[in-house]
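Report on one structure; see the data block that follows.
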Protein chains: 2
Amino acid sequence: MPKRVDHAQRRAHIADALVRVAARDGLHAVTMRAVAAEAGMSLNLVQYYFDTKAQLMHAALQHLEQQSHERWSARLESLEDPGSARACLEAFVDEALPVDADSHTFRLVWTSYAVLAMTDAELAEQPFVEGPNRLERQLTHILATAQAAGEIAAYLDVSAEAARLLSLSHGVGTSVLVGQRSAAQARYVMLYHLSRLFNDPTPPEAPGQHLAAAS
Amino acid sequence: MPKRVDHAQRRAHIADALVRVAARDGLHAVTMRAVAAEAGMSLNLVQYYFDTKAQLMHAALQHLEQQSHERWSARLESLEDPGSARACLEAFVDEALPVDADSHTFRLVWTSYAVLAMTDAELAEQPFVEGPNRLERQLTHILATAQAAGEIAAYLDVSAEAARLLSLSHGVGTSVLVGQRSAAQARYVMLYHLSRLFNDPTPPEAPGQHLAAAS
DNA sequence: GCTTTTATAGTACAGCGGTACTATGAAAAC
DNA sequence: GTTTTCATAGTACCGCTGTACTATAAAAGC
């Protein structure tokens, strides 16, 4: 037989190709043939590593989720002061918003899958319920610690605050993806949100224009 | 010829059928034949009223947008005190969240189209940029009035607040659509947001459980 | 009353997508 | 050295989808 190859690596390569196709042309344009072409291999090879398209789609989603988790962990660990809630949350903002091309790709494809999951029950469970829940608990923990330290007001509902952070970042990220807002404008909205959370007297410096695209 | 029919009404009927199919099976499951079956007519009749599938898709989107606009206007006009910013914003919350079946359908299909628009430039412009911008300006106006009346703090950035409201409602609505949160939990998050905006001392009464689905 | 228009149905066709089947050379196994 | 296994390619098939073409009965028009 030819060189024995690393199946996991091949699968990752194919999953990456799928993500690129989905980011460029939309998840509906993801076909076995398109993925094969993007990955630079024959159609049958894709079939060789993923028996069925459903398996491929599922694997790419898991691939995305794992990448996202790793990026978030890495960013958290690269913080100078991991104890600072403000720093953590600003890191969260930078991680959650489609600021660079990679992040844009990730958010777009992730959202596409989320829409699929809305009408496909079996696709949804793990990634779109348990994943966000885990993140939300993590944020809640950060906020509770900050609250105990007096960094945020005692009367705040930390779990509601976590839900707000997560949902707001998702919503404002989507507005970037559809072209309603620039990434800078989205970032401003998130930083403004943090300034309200921490009860800052002065809001962050504003971006150039309005918060929405020109009318 | 047979009874002359109202073309606009027929088109609306077909567009409604498309929306039902999209809400039930996903936008990717929308085919000419599926829409025809859902509308109770032959495939060719759908083609008769919409030359091409792209036209049908576009028309259904416009149909959705107009319905949404009408519902929002109607809700605003049915307010007892249209001058109360708080009442307006609570109406916005109830309108924007997928609380009933109709609203659920609308949000789901709308979000599906939004994802399409992320990779299809010509689909996007009008509905997903100009529409939200208009709403955001409307919210900004409401907030500015409330600010002038002293109902919300003077140091708030009303246009950032409008962006937060819109984005948060979208994000939290999406979390309902993917099954992460119940509509009641989403409503609580939004009402909590309003309580923070108006600087309420007491938060709204909490829903039964956690803010996220059980782990 | 004849002709034209209109709303409707049926059917056909070409393309694409997922999947299955067969082939093949090369490395591993023994 | 022979046999088996593995990574790869090519190709064929069936179903579905958008679209086009033809047919037809019934109401308008005049």
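Proteins come first, then strands; the chains are lettered A, B, ... in the order of their sequence lines, and each starts at number 1. Every value quoted in this text rests on a predicted model; they were computed, and no experiment measured them.
Judged by the 6.0 Å distance and 45° axis criteria, Arg11(A) is positioned over the aromatic ring of Phe50(A).
Separating the CE atom of Met41(B) from the C1' atom of dA7(C) is a distance of 11 Å, rounded to the nearest angstrom. Note: CG (Leu56(B)) to C1' (dT17(D)) measures 14 Å, nearest angstrom. Taking atom CG of residue Leu45(B) and atom P of nucleotide dA20(D), one finds them 16 Å apart after rounding to whole Å. Asp6(B) places its CG atom 10 Å from the P atom of dA7(C), with the value rounded to the nearest Å. Remark: C1' of dT8(D) and NE2 of His13(A) are 14 Å apart, rounded to the nearest angstrom.
For Arg10(A) and dA7(D), the shortest distance from a side-chain N or O to OP1 or OP2 is not below 4.0 Å. Distances shorter than 4.0 Å separate none of the side-chain N or O atoms of Tyr48(A) from OP1 or OP2 on dT8(D). An OP1 or OP2 oxygen of dA7(C) is reached within less than 4.0 angstrom by no side-chain nitrogen or oxygen of Tyr49(B).
One distance of note links CD of Glu65(A) with CZ of Phe106(A); it measures 8.0 Å at 0.5 Å rounding.
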Could you encode protein contacts along nucleotides 13-20 of chain C as a string, one character per nucleotide from 5' to 3', using B for base contact, S for sugar-phosphate-only contact and - for no contact, with a heavy-atom cut-off of under 4.0 Å? ----BBBB
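Here His7(B) lies in heavy-atom contact (under 4.0 Å) with sugar-phosphate atoms only.
Between Gln66(B) and Gln62(B), the side chains place no donor N or O within less than 3.5 Å of an acceptor N or O (distance only, hydrogens not considered). In this structure, a donor-acceptor pair under 3.5 Å is absent between the side chains of Tyr113(B) and Asp120(B). Under 3.5 Å, the side chains of Gln180(A) and Glu136(B) contain a donor-acceptor pair of N or O atoms.
Without hydrogens or angle criteria, Ser68(B) side chain to Leu64(B) main chain gives no donor-acceptor distance under 3.5 Å.
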